[in-house]
Structure formats: structure tokens, C-alpha cells
Engineer: 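Sharing a structure here in C-alpha cells format.
Each chain gets a letter, A, B and so on, in the order the sequences are listed, and its residues count up from 1. Treat the numbers as computed from the prediction; the structure is a model and nothing was measured.
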Amino acid sequence: MQLTVWTYEGPPHVGAMRIATAMEGIHYVLHAPQGDTYADLLFTMIERRNKRPPVTYTTFEARDLGTDTAEIFKNAARDAYERFQPQAMLVGASCTAELIQDDPGGLAKALALPIPVVPLELPSYQRKENWGASETFYHLVRALAGPHAPAPGTERPPRDAGRRPRCNLLGPTALGFRHRDDVAEITRLLDRLGIDVAVTAPLGATPADIARLGEADFNVVLYPEIAQTAAGWLTRTFRQPATKTVPIGFGATIDFIKEVAEIAGVDPTAVLAGAPSRLPWYSRSVDSTYLTGKRVFIFGDATHVVSAARIADKELGFKVVGLGTYSREFARDVRAAAESYGVEALITDDYLEVEEKVAELHPELVLGTQMERHIAKRLRVPCAVISAPVHVQDFPARYSPQMGFEGANVIFDTFVHPLMMGLEEHLLGMFRGDFEFHDEVQPSHLGHGAAPAPDQTQIKETEIEKAEIASVVQAVTWAAEAEQELRKIPFFVRGKARRNTERFAEERGLATITVETLYDAKAHFGR
Amino acid sequence: MNPAGVARVTTGCSEAPILRERGQREVFCGLTGIIWLHRKIQDAFFLIVGSRTCAHLMQSAAGVMIFAEPRFATAVIEERDLAGMADANEELDRVVTQLLARRPEIKLLFLVGSCPSEVIKLDLSRAADRLNEKFASTTRILNYSGSGIETTFTQGEDACLAALVPQMPEASAQAPASLLVVGSLADVVEDQFRRLFDDLGVGPVGFLPPRSSTELPEVGPNTRFLMAQPYLADTRRILESRGAKALQAPFPFGAEGTTAWLKAAADCFGVDESRFTAVTALGRERAKRALSHYQEQLAGKSIFFFPDSQLEIPLARFLSRELSMRIAEIGTPYLHRQNLAAELDLLPEGVVLSEGQDVDRQLDRARAARPDLTVCGLGLANPLEAEGLTTKWAIELVFTPIQGYEQAGDLAELFARPLNRAARLEV
């Protein structure tokens, strides 16, 4: 058993729902008790979809357990077929139904419905949401595109020179982090390269679209967590190459364009020459100087954290002090990325472990999920959300992709804005000690009428420092004067200054920290 | 018992036929009750013994109400726990030990059963006994089931309170009569009722659940209890088995319901008519004034209830009698005739009552009825809005303080706001 307060991923059948809900003309019959219908609200409330997910739950009860739950399943599947008339059906079990072992696949087969029925085996007690989505997509692709596969060993006929190259976009789902906008952005980018999109799947695809996936020249894997398995099968079966680069960030978008151009045999020069992103210039503009070396902690799904780390390090000049993921299936990729930034990857699905790590590292910015937003709020650290799981506000009405050049613009804003809050650090540094402009005033956007906020910086310091100080032997004390001087140091570096000074004093066996010790330590460590 | 102060309708709905349906239900399971119970019992912690689905449900259902430090968590059952029952018990003990080491301030720990723990027959009452021995000096450990195969939404509170009743101290047969109010109420509402009972001279008054687990009220043969919530069937039965007697009354929604509810207690405690009138006059007057703001907007509008919290019948009674709304259908997950006897009498004749749910068929009926307002769960609200129906989230009626005189206007406002919004928007 694992003790958990919050969870990064839902169960695997929620992953299957993300595939079904993304598509048209499909229905998912889920053997499940009534409580599992909560999953509908993920789509209708959090994502604000205007339709119910195409899912029928069998809703068995305790009194049914001794009798015939299999019959309940068969009735539900038959009724769902009659009512919704889908082109294909997914059938499976949630965690509770898995325990009663009714075999939805076998039961559905016995119904002999006149449409393809894809059985899903998603072990709830071992696996989680993204794996469930990936597995569902893979089985759907195999079942629907499989019958159109060429004989093994057949070479792919060369593309008709008269038409533009065609690819499929694989991986966007319902409830995905900005998937809707990413698809629009990448479709536009490919078009400028002279490449058409044949099928986008699962988002917006019908079962008939899935059946013709093999017709495209290659596949673009937008979200490896969802599409890598299916894309691998398509490569083996239809000899379709698949992309490896995920185009999140300026550099990654350039790499993606080159990779796609190579696969499709098109010339990327024109597109690369006019790379329409403001990120490189905004990053070089003098206003961004204060971003230098900002210590950033990154946690989320594998694709988004690897991309975010590259952007943070190479494109914004931050320092990556922590990097981690809950996507165990991609632990190797994240470990490799972390190593390149000189940190050890945190691979865990335990929210509390992440919280501990953030408190320990004391970063200046957290890039994470909805969970890290809570962690950062508690520890009073600025935070931006870069990955699912997300909140309703992470489905913005505006166009807000993460991918491509526009995505890089969006990400620049997303990463940088939390660091300002009307208390811009360079101004605080320049006007240090100003009686009207210091860290204990309200951020300006809250206005003058508002009551002063509870002293945030002090809470931040005491919460984090208490733990740290407790671990250090309480041999060093602060002279009152030095303590006062410490308060003049801007709040965002004060905690670090305190720790460094104490370490400095301890190493030198000093019992009391004076103003001199403070400045000696400052000179010793540098900023 | 016919509470005085309410004009009895001769027919009502007490004998009305009920449409009983079985099919897909769009209702939360009983685990969700933890979301308000952990705010109510301030030193209690709820440990769900369940699957990742349960943990995911809790954070998704809590939605906007996520608290930084919730007093609930899930012990997620994994593959190896299913391999052998001995392992699962050892694992549970380990998790509880880990939890109580992290949160030593917890005085009462509920082990909450879920669908998977019920299906694998993990015996949580034995686990609670075993763990009570270990932690007797610091924490009391109880158990109940909030599983979706046994409970729907608000029934989780019933199961929780039913688990608390045996812990209530025994009041002696010689003890003077006391009143117990049963069912979670917001603290502000509880305080208002306490003041009213004090002014009436009714008391001593206890509340179940109490704000602190160490303040469980006494119960005995001279305890009379008033239900503040209609869904507490098991709690009622267990209280009765300890000798307490239920006072039959409508539920305290609106001026009429609140008056009738208070009157049931006042009559039982021999409060004379003039004192009752004097004490309640101000509240009744304020409630009526507050309701008058919404009269014009709501009168004649039709409303359709999807089953959710079991509050549907008392709410429909309030809306039809005090705001003249028309009732298209009242769906409720379960209909407890005994708890709702006083309510059913007050419903207008000919109302469609449905119990249980087949959500697709019920959606067909709602589309055909085209009600002005539809009360439904979170999963259905946006799809119905997209079809042009105006909706109200049922869950808000559970989480918002709506009982008593001072909240009558707030309650009407909850129904008026979606209509108001629909009327304003030009997009």
C-alpha cells in the first residue's frame, strides 16, 4: 500500500477515457461501480467540454456481486450500442470490476455486435493513467489499422512525386495539457514546410480515420507518453518513420523542423530563416538580465519536464537545480536529461517526496503540475504550471500552445511572469532599503486599500529555515545587529544568505555571527 | 406526528407512485462525504483504504475546494497487497503507523472502506480493533464504508455518523430530557440553532457530529433527536437502538421548514405557543423578507432534479411552497419514507418522483420537459448547458450553509443565480 494525499495520475481506465473522449464515433463501456462516474467531471468541468464523455458505466452494486454482474455488463453494452450507434467500441473494467473478473472482452464478443469491439486489459493495481491512455491508443490502432497492413516484408511504395508529403499527428487527447492548441500550431508549421496532415489522432479522429493511419508517409509523435507505443507499431507494420523530437521550446522547434524536413524530404531553409519567435530576443533584452542563474525546480510528465529543463537552461539562462517526473515509463530519458544539468533526477509519484525536495532545494521558481502549485504556495515560492495534472484555469480560452514558435513565446511569459508580481527583483535590489518599496509591502497590483498581507517573507523563511536550522547544530547565534543587517538583504536571497553565513561561521568555529561575519561570508561565496 | 404550525395538505405525495429505475447512475460515491466531514470534525483524519481511483476521485471532486493540508488520504492498494490478505493487513498497519507519526495531533482516525477493499473483503473493523490496541493512548480508530457499491454520495456521512454513535457516552435513564441534532451543519448554522434553542428553553442540546471528536454528546432513553439531514437512515436506526427517540419534522429549509423543525423540538420540550411565536418571529420575518427578493424571478418557473444528495425532496417542497416554482421531476437516489414522511405530505399533488437512476433515460425526460432550471451533478451540468438548459450544481447545495431562517435567502439565491445569468448573457 502507498500512502498518498494527492495523486499525479488517475487510474489506467481514466487514460482510456481520455482516448475515447478525444475521438468521435466511439463508445467505451466500462464495467464499474457507481462512484467511478466521477471521471466524467474531469472532462465536463475541468476541461469544460460541452458533451458527456462517450462512456457507459455498468454501475453494479454490492447486492449484484453474488448474482450476475456479467449479465449487467452485457445489457449495458447492448443498450449503449443501440442508443449511441458507435462505429467502434472499447470495453474494459475499472479497478473494482477487475477484482470480480467478469472478462468484458469475452462478454462483448459473445454479443456479436456488428462493429469492431476492442477489449482493454488495464491492470489498475500496477499501472496508471498515461500508460492506460497509451495502451488504449495502441490497441485501437492495431485493431482498426491492422486489417489494412501490407504483407510483412513489403517495402513502402515511394511517394507519388505529384503530391505533398503527408504525416499523422499522434498523441493529443482529451484533458491533455494544451493539446488542442499544440495541434493547431504544429499543423500550421508543417503546412509552411509543405507537409500535409493526414490524420490527427486520437483528438478529433473517428474509427475510420484510425483505419487509414497507414496511408501517411510518416508519423509525428507529439506526446510520447501517449503515442510512442502506437507509433512504434506503425513503423514496424507500415514502415512509417516517426519523429523523436518534441517541439517544445525554441531550440527544440528548430530541431523538430530539421528532423521532419529530413524525413519528408523537404527544404526547411525558408521556415528556419523566418523563425517567428520572440523568445530569443526577449531573453537577450536587458530587462531579462535579472533572470540569470535563477534556481529552478522542475517536476511533471517526462516530455514536459525534459523540454522545460532545456528551455530553462539554454533559452532563459536559469539554473536547473532539480528535475523529476512521475512518468516511471520514461525514467531513463529524464535521468539522462538531469545528468546533463548536473543534478540527480527525482523519479517518484509521491507528492510528499516532491514537497520535501522542493523545501530542501529552496529554488527561486518551481515549474510543475497542479500539485507543485500547492507545494510552492505553501513554501511561498513562485510557480508556473507546465504539465498535467491541471486545474480548470490551465484550459485557457485564449490560444496558448506549448509547441512550435508561438509555444516558445507562451512559455517565455509563463516562466517569467511568476517571478515579478510587482516586486521586480532588480528594482528591489536597486532601491534596497527604500521605505516605501520593500518586500513587506503588498504587490502593487493588490492596490493600497488592501490590508497588508501576512508577512509572506517571514513565513517563507521561518517555515523553510526552521527545518534547516534544526538540522544544523544550534551552535551559531546571530548578533542582533547582524540579524538586522540580514533583513536588509532582498527577501529572495535572504534565506540563502542566512544559510551560507551560518555555514561559513560554523566552518570557522565562530559562536556569534556579527555584521562582519555576514559580509565576510558574502564575499566568500559571491552571489 | 404532525408538527403544528404547518398547514397540513390533505393529499400531498405520501401515497404517490414512484418511478424506480436501475441503470447507469451519475452520482458520487460515499467517499465524497469526507470532503465536508473532515472540515467539520476538526481533529479527525480519514484514511481511505482503496485504489488510485479513490485518491483521484477525492482530488477531482474536491476540485476548487482543495485545501493545502487536507485531513484525508488514501492507502492505495497495489498488486502485491492483492496477492495475500495477511500482507494487506500488515501493509495497512504500516501505513497507519506512518500516518500517525506524521500527524500526531490526530485524535480520531477513520479507516474508510472503498469498493476494492469491500470486494476483497479486507476487514477494516478488525483492523480498527487491532490498531486501537496499538494507539489507544493517543488516537481512537473507527471504520466505516464509503464504497460506491454500497453507498451513494451523502450516505457516506450516514455511515460515518453511524460509526460514531456507539462511541457516544451513555446517558442514564434518570438524566433529564436532552435534544440531539443529527447531521453535519455548517458551524454558523449550528450556532444559530443553538441560540434559538437556548431562547426557547430547549436543552441541553448536543450536535452529531461534534466539532471535536472528544466532545461526543451523551445518548440515552431520554434523548430526543431532530434530523438535520434526510439521508441519515442508519444513524437514525442506531440512535433508536440506544433508546433515543426521533422527532418527526420537515427539514429546516426556508421559513416554513425551519419553523416546523424547531416546533417539533419545542412541542416535545413543552415550550408554550406564545414563547415559540415570540422567539421565532424575528427569524421568520427576516426569512420571508429575504425570500421576497426572489419571488418574482422564481415563481412559475419549472425545475427538474437529477438524483444526487437526497436533499431533493425537502428542497422541492421549499421551492414549490415558498417560491411557487413548478416541479417537473424530483429524482432522488433513495427515498426513505420514514425520514421524509413530513416532507412528502407537503409536496404538491401529482409531482413525478423517481428513485434510483438510469441517466440516459432521465436525460431524455429532462430534454422533453425543457425545465427552466435543472439541478444535477457536475458531470452533467456543462453538457446540459450546451444543450440550452440552465443548470444548478447539486453539490453546491450540500456544501453551502442553506438551513435555517438566516440562510433562506441564500438558498433561494442559489436557484435564482443561474436564471439571472442566463437572462443577462447576450452571447
Engineer: Sort L82(B) into side chain, backbone, both or neither according to what part of it lies under 4.5 angstrom from a heavy atom of chain A.
Structural biologist: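 Contact with chain A involves the side chain of L82(B) alone.
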
Engineer: Heavy atoms only, distances under 4.5 angstrom: which of D87(B), V95(B), T74(B) has the most pairs with chain A? Name it, please.
Structural biologist: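 Of D87(B), V95(B), T74(B), T74(B) has the most heavy-atom pairs under 4.5 Å with chain A.
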
Engineer: Within the structure provided, determine whether E150(B) and E61(A) are in side-chain contact (heavy-atom separation under 4.5 Å).
Structural biologist: no

Engineer: So, do T53(B) and S94(A) sit near enough that their side-chain heavy atoms are less than 4.5 Å apart?
Structural biologist: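 No, side chains not in contact.
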
Engineer: How far does OH of Y38(A) sit from CD of Q59(B), to the nearest 0.5 angstrom?
Structural biologist: 8.5 Å

Engineer: L3(A) versus L47(B): any side-chain heavy-atom pair under 4.5 Å?
Structural biologist: yes

Engineer: So if I apply the side chain to side chain contact (heavy atoms under 4.5 Å, CB included) rule between Q24(B) and each of T59(A), V55(A), D79(A), which one comes out positive?
Structural biologist: T59(A)

Engineer: For the pair R49(A) (side chain) and P383(B) (backbone), establish whether a donor and an acceptor sit closer than 3.5 Å, ignoring hydrogens and angles.
Structural biologist: no

Engineer: Within a strict 4.5 Å, meaning less than it, do heavy atoms of the T44(A) and L380(B) side chains meet?
Structural biologist: no

Engineer: Counting only heavy atoms closer than 4.5 Å, note whether I375(A) contacts chain B via side chain, backbone, both or neither.
Structural biologist: neither

Engineer: Quick check for you: to the nearest 0.5 Å, what is the distance between N382(B) atom CG and R48(A) atom CZ?
Structural biologist: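 Answer rounded to 0.5 Å: 7.5 Å.
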
Engineer: Is the shortest side-chain heavy-atom distance between H56(B) and E129(A) below 4.5 Å?
Structural biologist: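 Yes, side chains in contact.
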
Engineer: Between atom OG of S147(B) and atom CD of Q34(A), what is the distance when rounded to the nearest 0.5 Å?
Structural biologist: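 CD of Q34(A) is found 8.5 Å from OG of S147(B).
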
Engineer: Is chain A contacted by the side chain of L384(B), its backbone, both, or neither, given a heavy-atom distance below 4.5 Å?
Structural biologist: neither

Engineer: Side chain, backbone, both or neither: which part of L42(A) has a non-hydrogen atom closer than 4.5 Å to chain B?
Structural biologist: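 Interface part for L42(A): side chain.
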
Engineer: Please flag which part of V49(B) lies under 4.5 Å from any non-hydrogen atom of chain A: side chain, backbone, both or neither.
Structural biologist: side chain

Engineer: With a 6.0 Å cut-off (strictly less than), is the heavy-atom count around CZ of R361(B), excluding the residue itself, greater than 12?
Structural biologist: no

Engineer: Could you tell me whether the side chains of T7(A) and R52(B) share a donor-acceptor contact shorter than 3.5 Å?
Structural biologist: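 Result is yes, a qualifying pair exists.
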
Engineer: If you measure from CE on M58(B) to CH2 on W6(A), what distance do you get to the nearest 0.5 Å?
Structural biologist: 7.5 Å

Engineer: Starting at CE of M45(A), measure out to CH2 of W393(B) and round the result to the nearest 0.5 Å.
Structural biologist: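 One finds 3.5 Å between CE of M45(A) and CH2 of W393(B).
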
Engineer: Would you mind reporting whether V76(B) and Y125(A) have side-chain heavy atoms less than 4.5 Å apart?
Structural biologist: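 Sidechains of V76(B) and Y125(A): no contact.
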
Engineer: Is atom CD of E121(A) surrounded by more than 12 heavy atoms (other residues, nucleotides or ligands) closer than 6.0 Å?
Structural biologist: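 Incorrect, the count does not exceed 12.
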
Engineer: Under 4.5 Å between any side-chain heavy atoms of Y57(A) and V359(B), yes or no?
Structural biologist: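 Not in contact.
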
Engineer: Is it true that D64(A) and R22(B) have a side-chain N and a carboxylate O under 4.0 angstrom from each other?
Structural biologist: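 Salt bridge: yes.
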
Engineer: State whether R83(A) and D364(B) are salt-bridged, where the test is any N-O pair (Lys NZ or Arg NE/NH1/NH2 against Asp/Glu carboxylate O) under 4.0 Å.
Structural biologist: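 Counted as a salt bridge, because a side-chain N and a carboxylate O are separated by less than 4.0 Å.
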
Engineer: Please assess D360(B) against R52(A) for the test salt bridge (charged side-chain N to carboxylate O under 4.0 Å, His left out), listing each intermediate value before the final yes or no.
Structural biologist: CA-CA 11 Å; D360(B) 287 310; R52(A) 294 174 65 211; 3.1 Å; yes

Engineer: Highest number of heavy-atom pairs under 4.5 Å with chain A: which of E385(B), E118(B), R94(B)?
Structural biologist: R94(B)

Engineer: Need one label for E9(A): side chain, backbone, both or neither, based on atoms under 4.5 Å from any heavy atom in chain B.
Structural biologist: backbone

Engineer: Is it the side chain or the backbone of T151(B) that comes within 4.5 Å of chain A heavy atoms, both, or neither?
Structural biologist: backbone

Engineer: Looking at R78(A), I'd like to know if its CZ atom is crowded, meaning that more than 12 non-hydrogen atoms belonging to other residues, nucleotides or ligands lie closer than 6.0 Å.
Structural biologist: yes

Engineer: Quick check for you: to the nearest 0.5 Å, what is the distance between I149(B) atom CD1 and L65(A) atom CG?
Structural biologist: 5.0 Å

Engineer: Report, by ascending residue number, the residues of residues 20-30 of chain A in heavy-atom contact with chain B at a distance under 4.5 Å; give 'none' if the set is empty.
Structural biologist: none

